[in-house]
Amino acid sequence: MSFPEGFLWGGATAANQCEGAYNEGGRGLANVDITPHGKNRFPVMLGLDNTLEFYEGEYYPAKVGIDMYHHFKEDIALFGEMGFKVYRMSIAWSRIFPNGDEEIPNEEGLKFYEDLFKECHKYGIEPLVTITHFDCPIHLIKKYGGWKNRKLVGFYENLCRVLFTRYKGLVKYWLTFNEINMILHLPFMGAGLLIENKETEMKDKYQAIHHELVASALATKIAHEIDPNNMVGCMLAAGNTYPNTCNPKDVWKALEKDREGYFFIDVQARGYYPNYALKKMEREDNMPVMEDEDLELLKNNTVDFVSFSYYSSRLTSADPEINKTTAGNVFASLKNPHLKASEWGWQIDPLGLRITLNSIYDRYQKPLFIVENGLGAKDVIEDDGSINDDYRIEYIREHIKAMHDAIEIDGVELLGYTTWGCIDLVSASTGEMSKRYGFIYVDRDDEGNGTLKRSKKKSFHWYKRVIETNGEDLDNLSF
Ligand code: BG6
């Protein structure tokens, strides 16, 4: 079993979950900073808390993250040791434009990422840069109301122009918005939206979505103008929805669920709003305001590749009574009796990855990139300091096999694979550190205690071997 030559093996992180240094280097505050750990996390991510300040007595894990801001050389050296071909990371918008609406960028922020990219190239690692991974400068939320305001398109355009110009020759792969479909589920996190009025909630969300779609097309256009070598991708929180039974009503429900996510990529990859979405927005009176040139811009600036995160498939029923029992994750899903689940209830379905890869490829016929996949689990440090994370190895191995089948048997074009949280970091949904995804352990707990010391888990050595053999040796556990 081997992968295409030049297959991009690597790992992924996001600024808000690992960088820390929230008030250093001229950085401004962002929505992600004021999102606490604990029971108040969800209300904030949902946009139900409009204070936009830190509360006394709350713990805010993004403030320090895993302090990658000060450790990036050490961390990238470890990625280099594993043989990464690509490292997916994100830019903290407020590090470049502290308020978001300035005209002149913050040189210290620009220099930080320049050094980071140079460090990657030292080890032959290609950076894959997410321009926004759930972050939005607080000032843009306070003054303009986040992405529902058209002005954000212009501020984002400014950010992109600066990034593409400054990092020309250093970065080739870009993603415009992480999990763009998250706006529908966690609007404060996805688009800096506060839900102040339930009646206009959906209208605001669709307006914000339209602005992000226009901004994404604009970014693609500018990226290509500045450097024709740039490759720009969209990013979906993916995972096919299965119908609970063969009752056609369940099948229809599953199709509708999948369309909630595909809708975004239909626009970004095909260049126009699909009819089913136009009809829905019209029917529900949520049609966003569009400017004359928007549709032309979307049409002429489709993405070069489609990227997505995949953790699990989903299961749905047309019967609202049955659907009441959905497991409480961001993407509600019924319990699939054929699948095992992680400690956090995320169901494990490697074949679902092959199904998802095929569905997306059939739909768009563009190269794909799996930019997140992995297992969040609690790790135990043995007396000798070792961490034997065989469960993580098994999860990733089975998903790699599924991905191989999709390439080899089904002919799906896949550019690469970056596992999520290649180094332990703060969980986006729960704010915990104990939900670990990494090949590299970071000594920090859910309350912010720990030395931040990095150490290699068993999976570190295993993944190194996988990359060395271009996916041929998945079974070697003798280190
Ligand atoms: C994706 C996000 O939704 O899933 C990441 O892009 C996130 O930011 C990842 O960390 C895993 O989710 P969690 O909640 O386990 O961190």
Side-chain angles (χ1 to χ4, degrees), residues 10-20 30-33 35-38 41-42 44-46 61-62 65-66 68 87-93 128-136 175-191 212 233-239 260-261 264-265 307-314 327-333 341-348 353 356 369-379 391-392 395-396 399 417-438 442 444 446:
T13 63
N16 77 86
Q17 290 166 262
C18 66
E19 219 173 71
N31 56 342
V32 287
D33 302 323
T35 308
H37 167 64
R41 188 170 182 84
F42 258 84
V44 171
M45 294 195 293
L46 284 165
I66 55 161
M68 202 188 239
Y87 168 44
R88 175 180 175 229
M89 44 71 69
S90 80
I91 300 279
W93 188 345
L128 162 58
V129 177
T130 316
I131 298 168
T132 42
H133 190 125
F134 298 152
D135 66 323
C136 183
L175 302 179
T176 51
F177 290 91
N178 180 63
E179 296 189 334
I180 189 162
N181 47 327
M182 196 57 90
I183 301 184
L184 287 173
H185 307 272
L186 297 173
F188 183 68
M189 195 159 103
E212 287 199 0
C234 52
M235 200 304 199
L236 174 75
E260 277 177 18
F264 295 83
I265 312 303
S307 84
F308 64 92
S309 59
Y310 175 85
Y311 294 91
S312 184
S313 54
R314 298 156 194 165
N329 288 318
V330 177
F331 293 92
S333 169
S342 79
E343 289 169 81
W344 277 264
W346 292 29
Q347 308 187 68
I348 301 173
L353 175 59
T356 300
F369 208 134
I370 301 170
V371 293
E372 284 186 35
N373 175 239
L375 178 73
K378 289 196 170 127
D379 291 325
Y391 35 89
R392 185 167 294 110
Y395 178 101
I396 298 176
H399 285 78
Y417 175 71
T418 58
T419 65
W420 176 247
C422 47
I423 178 164
D424 291 346
L425 38 64
V426 176
S427 156
S429 58
T430 68
E432 292 164 298
M433 266 307 293
S434 52
K435 191 179 186 192
R436 297 174 182 275
Y437 287 87
V442 178
R444 191 165 173 85
D446 292 342

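In listed order, ligands and their atoms are each counted from 1. On a predicted model such as this, the values are computed, not experimentally measured, just so you know.
Note: H399 and Y310 have tilted aromatic rings, judged against thresholds of 30 and 60 degrees for the angle between ring planes.
Polar contact with ligand 1: present for N178 (N/O pair, distance under 3.5 Å). Residue-to-ligand polar distances place A428 within reach of ligand 1: an N/O pair is separated by less than 3.5 Å. Between S309 and ligand 1, not a single N/O pair is under 3.5 Å apart. The distance criterion of under 3.5 Å between nitrogen or oxygen atoms is met by Y437 with respect to ligand 1.
Among all non-hydrogen protein atoms, the one lying nearest atom 10 (O) of ligand 1 is Q17 NE2, 2.8 Å. Scanning the protein heavy atoms around atom 3 (O) of ligand 1, the nearest turns out to be E179 OE1, 2.6 Å. In terms of protein heavy-atom proximity, atom 9 (C) of ligand 1 is nearest to Y311 OH, 3.2 Å. Atom 4 (O) of ligand 1 has as its closest protein heavy atom E372 OE1, 3.3 Å. The protein heavy atom nearest to atom 13 (P) of ligand 1 is S427 OG, 3.5 Å. Here the protein heavy atom with the shortest distance to atom 12 (O) of ligand 1 is W346 CH2, 3.3 Å.
Going from atom OG of S427 over to atom OH of Y437 covers 6.0 Å, rounded to the nearest 0.5 Å. Between atom CG of residue N16 and atom OG1 of residue T35 there is a gap of 8.0 Å, rounded to the nearest 0.5 Å. Separation of atoms OG1 (T130) and CZ (R88) is listed at 3.5 Å; rounding is to 0.5 Å.
Which parts of ligand 1 touch K435 is read off a 4.0 Å heavy-atom cut-off, strictly below it: atoms 13 (P), 14 (O), 15 (O).
Under 4.0 Å from ligand 1, heavy atoms of S429 appear from its side chain as well as its backbone.
Under the side-chain contact (heavy atoms from CB on, under 4.5 Å) test applied with F308, the options N373, L236, I265 reduce to a single match, L236.
In this structure a side-chain-to-backbone donor-acceptor pair under 3.5 Å is missing from S90 to A14.
Closest approach of M45 and A428 over heavy atoms only: SD-O, 3.6 Å. In this structure, G431 and P61 approach most closely via the heavy-atom pair O-CG, 3.6 Å.
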